[in-house]
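Below is one structure, written out as structure tokens; the observations come after it.
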Number of protein chains: 2
Amino acid sequence: MAKLSDVAARAGVSVSAASRVLSGDPAARLSEETRERVRQAALEIGYQPNFAGRALKLARTDVIALVVPDVTNALFTELTRGVEDEAVARGCVMLLARSEDMQPGGEMFGRLVGEGRVDGLVLQPRDGADPKALAAALGKRSPVVTIHQALPDASSVVVPDALAARRAVEHLIALGHERIGFAGGLTSSPTAQRRAEGYREALRAAGLPYDPALVTWRGYQEADGRAAAAELLTRREPPSALIAANVNAAVGVLAQSRAQGLAVPEDLSVVAVHDAWTAEHTWPPLTCVRLPLYELGRTAVEALANAIAGGPVAHRSVDSPGPVLVERSSTARPHR
Amino acid sequence: MAKLSDVAARAGVSVSAASRVLSGDPAARLSEETRERVRQAALEIGYQPNFAGRALKLARTDVIALVVPDVTNALFTELTRGVEDEAVARGCVMLLARSEDMQPGGEMFGRLVGEGRVDGLVLQPRDGADPKALAAALGKRSPVVTIHQALPDASSVVVPDALAARRAVEHLIALGHERIGFAGGLTSSPTAQRRAEGYREALRAAGLPYDPALVTWRGYQEADGRAAAAELLTRREPPSALIAANVNAAVGVLAQSRAQGLAVPEDLSVVAVHDAWTAEHTWPPLTCVRLPLYELGRTAVEALANAIAGGPVAHRSVDSPGPVLVERSSTARPHR
DNA sequence: ATCCTCGGATCAAACGATTGCTCAACTCAT
DNA sequence: ATGAGTTGAGCAATCGTTTGATCCGAGGAT
């Protein structure tokens, strides 16, 4: 690989001069002619600054890690894109890591944070992860921004979960549904709490009663949705429509409905909060409320950059674009 | 962060002594007592070697990049896990990147390879990518191992695609099918070629005719499967079963069958080559041939380690475990 | 002529870890 | 007692970049 000293030699200047030219130091006093010669030389031998040398000197790697529960889950597609785009825009490289590997005491944790491989972390804690343990492990070791959930002493970014759930309910009410169930996430999940809150608000706003018998708190997995549907659909007065707190759970709801001989949307309408591309390929394609996850990713990186720069802890909500209903084929007017 | 000199100071030894103890240099002559003191000191102040310092000196980052066409595609789940596990086992960190960002001349390419951020690449070229351009761009800049497809001058690892397709056909033949279609990938895709080859072999082995009218070469996307099914199912004598060259395409086949009023598996059996978790959640759940993708990932990293160590170019096939049929609900005996 | 200033460019010291070489002290054989 | 060999440990150079300090000459002001 070409080094800076090669560039300098070829341009007939000192290494320091070359460095100043290439890093565009405005305070440097160098003739335009010299600058041009250095730039030429760099171009000709295809110079690229050595990462390690620079990182050592600057104590900065320009790498940020995105830590999510499951890297290959479709739910994270948009988020990942958002984080990556913003990272690249800021001259950073994004490193993807699984939360699973990022246990406080774990190997990866040490390598990424302890060895100084990353400048900061965008972290989505696993549902059920202990916020205090996480916060303690991170300590002041590395700037962190969490998404969907706040940690003590770290900035966080969330999306309008309540409003999204509310939009879902409103859609069903507009179709004429009155008994609307809610297949929620774990009670320990802040997003699940907020989505449930939106569900309640929407019912209240429409003058419909809140019936705890129509609400479950199983989780965000496909199996959880299945279990939730199994429970809710065998109620004495079953709901005519169901909100699933997430796409994966909605897939489970679909499967269970089918298993019980119910047709969607004829016998049961289903709406999922949180859109993902998989929702288009289920049967029937799922009506969803799309959340601004791409923007969540971008905003998180922005917040992280602030944190790295030593800015104060801040908690933000990504409100634009707002949640919007994507109507597909899993919702219809109630049967009778 | 604690530095090596801190450890040395605390243990009352020189930096070099501390370094030798901690890196376990066997040739170093140091008393056991000194070693113990250094280890203690390191433990007490929570020392972890600084990544940049070490990378600079050793000209090695212990980072390998996995470059796939679409990070969040379910198809890559297993591969990713395999690569990561093997990387961690070898003391490396895995960096995930999208092929999209890794265009030969691109930004990411420069940052990862040009700046020396990674020791090597495990690369799955996008379908339709120009192998020559890629090889040229990589040049001798960085060790590379490709998967699914070979590049000039680089090691590669593949899975037994032909055999997998063959297993799929054999399953359908065993059920009694005789008109079996094949919704393949692009003709430019080596995996698609191999899977088609296996399809042909299986037919030949069973004494069934190979009918080009039952074969399409659309691609691996859901829309491609949809288009393929649309074409094949409107033939004068439509197939009673279809092999989809990949899970995503199979999802499209399922959707299109439904759209044409055909029930799966009653009117049409469908088998996908290449299993993924999404196959369990389609309707009906897809019968698949599972490929050893986890092992593919591990093997690729192994091959990459060889390449980094300066070993010769080698081309391997991951034959164990062999492809195995995972029977779900999308296949049945033919209708009449 | 002297003192300043300023443009143009180089020197040299970091950053943190690794490693070849040197050095002191001690043991042991001659 | 002298030299060789061994053991235990430190010195200092090095990896590639950045950056504060320094140096040199030319021109301007006094």
Side-chain angles (χ1 to χ4, degrees), chain A residues 1-39 41-42 45-63 91 110-111 113-119, chain B residues 1-39 41-42 45-63 91 110-111 113-119:
Chain A
M1 298 295 148
K3 319 188 295 186
L4 190 52
S5 57
D6 299 335
V7 175
R10 180 172 250 264
V13 299
S14 69
V15 177
S16 30
S19 171
R20 283 188 239 263
V21 170
L22 296 178
S23 61
D25 183 345
R29 299 168 307 199
L30 294 167
S31 68
E32 185 48 45
E33 188 228 359
T34 304
R35 289 176 186 276
E36 191 46 36
R37 241 183 321 138
V38 170
R39 279 190 287 256
I45 64 179
Y47 169 74
Q48 287 202 261
N50 176 275
F51 159 62
R54 165 174 274 194
L56 179 57
K57 181 66 188 168
L58 300 181
R60 172 162 57 81
T61 60
D62 288 335
V63 176
R111 305 209 59 152
V113 177
E115 295 183 3
R117 283 171 188 270
V118 302
D119 292 343
Chain B
M1 297 303 137
K3 319 187 295 184
L4 190 52
S5 57
D6 298 336
V7 176
R10 180 173 251 264
V13 299
S14 70
V15 177
S16 32
S19 170
R20 285 189 240 260
V21 171
L22 295 178
S23 61
D25 183 346
R29 297 168 308 200
L30 295 167
S31 67
E32 185 48 45
E33 188 227 358
T34 304
R35 288 176 188 276
E36 190 47 36
R37 243 184 320 140
V38 170
R39 279 191 287 256
I45 64 179
Y47 169 74
Q48 287 202 260
N50 176 274
F51 159 63
R54 163 174 276 193
L56 180 56
K57 179 66 188 171
L58 300 181
R60 171 161 59 82
T61 60
D62 288 336
V63 176
R111 305 207 58 150
V113 177
E115 295 183 1
R117 284 170 186 270
V118 303
D119 292 344

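Chain letters run A, B, ... following the sequence lines, proteins first, then strands; residues in each count from 1.
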Whole angstrom value for the distance that separates [atom2] of [N] from [atom1] of [X]:
X     : N      : atom1 : atom2 : answer
B:R60 : D:dG16 : CZ    : P     : 15 Å
A:F51 : D:dG16 : CZ    : C1'   : 13 Å
A:D6  : D:dC15 : CG    : C1'   : 14 Å
A:R54 : D:dC15 : CZ    : C1'   : 16 Å
B:L22 : C:dT19 : CG    : P     : 13 Å
A:L58 : D:dG16 : CG    : P     : 16 Å
B:L56 : C:dC15 : CG    : C1'   : 9 Å
B:R35 : D:dT7  : CZ    : C1'   : 12 Å

Do any N or O atoms from the side chain of B:T61 and from the backbone of B:A55 form a donor-acceptor pair under 3.5 angstrom? no

From [options], nucleotide with atom closest to [X] side chain:
X     : options                : value
A:L30 : C:dA9, D:dG10, C:dA17  : C:dA9
A:S16 : C:dC11, D:dT17, C:dA17 : C:dC11
B:S31 : D:dT19, D:dA9, D:dG10  : D:dA9
A:K57 : C:dT19, C:dC15, D:dG10 : C:dC15
B:T34 : D:dA9, C:dA9, C:dT18   : D:dA9
A:K3  : D:dG10, D:dT17, C:dT18 : D:dT17
B:R29 : C:dG7, D:dT7, C:dC11   : D:dT7
B:A17 : D:dT14, D:dG10, D:dT18 : D:dG10
B:L4  : C:dA17, D:dT18, C:dT19 : C:dA17

Looking for any heavy atom pair under 4.0 Å, which part of the strands does B:V13 touch: base, sugar-phosphate only, or nothing? sugar-phosphate

Of all heavy-atom pairs between A:R35 and A:A28, which one has the smallest distance, and what is that distance? NH2-O, 3.1 Å

Donor-acceptor pair under 3.5 Å: do we get one between A:S14's side chain and the base of C:dC11? no

For a side-chain contact (heavy atoms from CB on, under 4.5 Å) check, start with the C-alpha distance between B:R54 and B:K57, then their side-chain angles and the critical distance, and finish with the verdict. CA-CA 5 Å; B:R54 163 174 276 193; B:K57 179 66 188 171; 6.0 Å; no

B:G53 or B:R20, whichever maps to the more 5' nucleotide of DNA chain D: B:R20

Value for CG (A:L4) from CD (A:Q48), rounded to nearest 0.5 Å, stands at 13.0 Å

Is the shortest heavy-atom distance from the side chain of B:N50 to the side chain of A:L56 under 4.5 Å? yes

